[in-house]
Engineer: 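Encoded as structure tokens, here's the structure I'll be asking about.
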Amino acid sequence: MRWALIGASRIASSYMIDALRAQDGAIRSVLSSDAVRGERFAREHGIDRSVSDLGELLEDDGVDAVYISTTNEKHHAQALASIAAGKHVLCEKPLAMTLGEACEMVRAAKDKGVVFATNHHLRNAGSHLAIRDMIRSGRIGKVLSARVFHAVNLPEALRGWRINDAAAGGGVIADITVHDADTVRFHLGEDPLEVVAKAAASGLGQGVEDSVMSVWSMPSGAMVESHESFTHPFAGTGIEFHGTKGSVFARNVMTQEPVGEVVVVDADGEHAVPFETHNLYEYALGLFKYAVQGSGPPAADGVDGVKSLAIALAVREAARSGRAVAVDYGGF
Ligand code: NDP
């Protein structure tokens, strides 16, 4: 696979470039809106070419796929242009600023016949794959409820657009709630019907929320409680599923690293659950490569990205209005 990077971003430099290369990906070019920064980025990462015009990047017939990791408000236009140029697309979450935009991206890719995937990393973790297997096999019986703990201390280096720029897609809901929505959907295999929520802005940034708590009702009757924040230095992360035959407790698993602990508790006591510790992003890129070859779906496809965004937007609207909000999936 021959890739172009759309966005000279931190996630590209800290995780995705290595993961692309680990999956035999060649990176031909990088797009940056700032030519000087783009050249520096290319040099630092051994990429031959940096450009500041998207059309120029997409004209390259040697590029099979693009990885979009710009700020959120740019994903829509960049994805549509890439799809029109016949490139397969791996797009960062949230797919777009609005549900309509995200749906348009997914439909355009389908019409063009290119693979379109969303970079939801958590579902690729060995811990989450093991949890999902347990739930799907009936190990904990009928799931009654789930709790997500994803309140972190936003690292200093990330305290830019995420906490100050609503127009660029800032706020903890766009940043973390989308991931939690995807993870819960992945485990339960169903989509929330309705949500209630409260959000808060502690003063960390300007104009966007930095904490949110929400409750979701699922079609099966299960209830989900989810907490995301940028302001919690010591809370740790985790996810729990409580069923009629057992409960799963997973700690330190809402992370980019292949770490954490998973235990299941049932009538016979507490049992440690072993899991694989592969790289989350390499795993996703392996599946993306197979999808391009026509062998199965990517780890999270475009519809998964639409649905995680739909849930996040419903949480935001519920917090804003103080009312219960039915989740609108835009027809998906
Ligand atoms: P960054 O802030 O690092 O990069 C976003 C954009 O900001 C870049 O495209 C770049 O613009 C610009 N930029 C980068 N560095 C500088 C700088 N020093 N000065 C001025 N501008 C700069 O964003 P992230 O990597 O944190 O996030 C990018 C996307 O990836 C978001 O959509 C986010 O939600 C997602 N993400 C996903 C993760 C996952 O695990 N799936 C984890 C982290 C982020 P240009 O390209 O024009 O140079």
Side-chain angles (χ1 to χ4, degrees), residues 1-93 95-96 102 104-121 124 279-302 305:
M1 289 274 294
R2 296 163 303 175
W3 288 85
L5 307 182
I6 298 183
S9 66
R10 183 174 296 269
I11 180 68
S13 53
S14 51
Y15 287 97
M16 294 302 288
I17 290 174
D18 285 349
L20 287 163
R21 288 178 171 148
Q23 286 293 340
D24 304 323
I27 303 171
R28 286 176 69 89
S29 51
V30 58
L31 175 85
S32 170
S33 57
D34 179 320
V36 174
R37 195 174 63 246
E39 274 166 33
R40 190 171 62 236
F41 187 96
R43 205 169 41 248
E44 281 170 6
H45 296 289
I47 299 168
D48 286 342
R49 188 165 173 244
S50 73
V51 298
S52 43
D53 176 65
L54 180 59
E56 207 181 314
L57 178 137
L58 295 174
E59 270 167 19
D60 182 355
D61 291 335
V63 169
D64 305 306
V66 299
Y67 166 57
I68 300 177
S69 65
T70 46
T71 45
N72 304 338
E73 86 287 10
K74 294 183 177 165
H75 296 173
H76 172 246
Q78 291 170 335
L80 289 184
S82 304
I83 292 163
K87 310 300 184 192
H88 303 289
V89 176
L90 173 60
C91 187
E92 269 306 341
K93 44 50 65 170
L95 284 189
E104 190 184 1
M105 292 153 74
V106 172
R107 292 197 177 104
K110 185 162 185 265
D111 291 349
K112 191 75 179 179
V114 295
V115 173
F116 186 91
T118 312
N119 205 24
H120 278 308
H121 60 289
N124 303 303
N279 179 294
L280 283 61
Y281 298 97
E282 289 176 22
Y283 187 91
L285 287 163
L287 292 180
F288 187 92
K289 188 169 67 178
Y290 291 134
V292 168
Q293 292 164 358
S295 307
D301 65 14

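As the structure is a computational prediction, the values presented were derived from the model and not from experiment.
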Engineer: Rounded to the nearest 0.5 Å, how far apart are CG of Leu95 and CG of Asn119?
Structural biologist: 10.5 Å
Engineer: Anything under 30° is parallel, anything over 60° is perpendicular, the rest tilted; go ahead and classify His121 against Tyr281.
Structural biologist: parallel
Engineer: Do you know which two heavy atoms are closest between Leu54 and Ala81, and how far apart they sit?
Structural biologist: CD2-CB, 3.7 Å
Engineer: Between the side chains of Glu73 and Thr71, is a donor N or O closer than 3.5 angstrom to an acceptor N or O?
Structural biologist: yes
Engineer: Run the side chain to side chain contact (heavy atoms under 4.5 Å, CB included) check on Ser50 and Phe41 step by step: do they pass?
Structural biologist: CA-CA 8 Å; Ser50 73; Phe41 187 96; over 6 Å; no
Engineer: What's the spacing between Leu5 CG and Ile11 CD1 if we round to 0.5 Å?
Structural biologist: 12.0 Å
Engineer: At what distance, to the nearest 0.5 angstrom, does NZ of Lys87 lie from CH2 of Trp3?
Structural biologist: 12.5 Å
Engineer: Give the minimum heavy-atom separation between Val30 and Ala42, together with the two atoms involved.
Structural biologist: CG1-CB, 4.0 Å
Engineer: Please step through side chain to side chain contact (heavy atoms under 4.5 Å, CB included) for the pair Leu285 and Met16, ending with a clear verdict.
Structural biologist: CA-CA 9 Å; Leu285 287 163; Met16 294 302 288; 3.9 Å; yes
Engineer: What's the verdict on side chain to side chain contact (heavy atoms under 4.5 Å, CB included) for Ile6 and Thr70, showing C-alpha distance, side-chain angles and the deciding distance?
Structural biologist: CA-CA 7 Å; Ile6 298 183; Thr70 46; 4.3 Å; yes
Engineer: To the nearest 0.5 Å, how far apart are NE2 in His45 and CZ in Arg21?
Structural biologist: 8.5 Å
Engineer: Is any side-chain heavy atom of Ile47 closer than 4.5 Å to one of Ile17?
Structural biologist: yes
Engineer: Would you say His75 and Glu92 are linked by a side-chain donor-acceptor pair, where the criterion is simply a distance under 3.5 Å?
Structural biologist: no
Engineer: Decide yes or no for Gln78 and Leu31: does some side-chain heavy atom of the first lie under 4.5 Å from some side-chain heavy atom of the second?
Structural biologist: yes
Engineer: Measure the spacing between CG of Asp301 and NE2 of His120 and express it to the nearest 0.5 Å.
Structural biologist: 10.0 Å
Engineer: Can you list, pair by pair, the side-chain donor-acceptor contacts under 3.5 Å of residues 106-115, counting residues two or more places apart and other chains?
Structural biologist:
| unit_1 | atom_1 | unit_2 | atom_2 | d |
| --- | --- | --- | --- | --- |
| Arg107 | NH2 | Gly330 | O | 3.2 |
| Lys112 | NZ | Ala84 | O | 3.3 |

Engineer: If you measure from the Lys or Arg side-chain nitrogens to the Asp or Glu carboxylate oxygens, is any gap between Asp24 and Lys289 under 4.0 Å?
Structural biologist: yes
Engineer: Between Arg28 and Gly62, what is the shortest heavy-atom contact and its length?
Structural biologist: CD-O, 3.3 Å
Engineer: Does some side-chain heavy atom of Gln23 sit less than 4.5 Å from a side-chain heavy atom of Phe288?
Structural biologist: no
Engineer: To the nearest 0.5 Å, what is the distance between OG on Ser13 and CD on Glu44?
Structural biologist: 8.0 Å
Engineer: Of all the heavy-atom pairs spanning Thr118 and Gly302, show the shortest one and how long it is.
Structural biologist: OG1-CA, 3.9 Å
Engineer: Stepwise, does the side chain to side chain contact (heavy atoms under 4.5 Å, CB included) test hold for Leu20 with Ile27?
Structural biologist: CA-CA 8 Å; Leu20 287 163; Ile27 303 171; 4.0 Å; yes
Engineer: What are the two closest heavy atoms between Arg2 and Asp61, and how far apart are they?
Structural biologist: NH2-O, 4.1 Å
Engineer: Could you tell me which non-hydrogen atom of Pro298 sits nearest to which non-hydrogen atom of Ala117, and how far apart they are?
Structural biologist: CB-CB, 3.6 Å
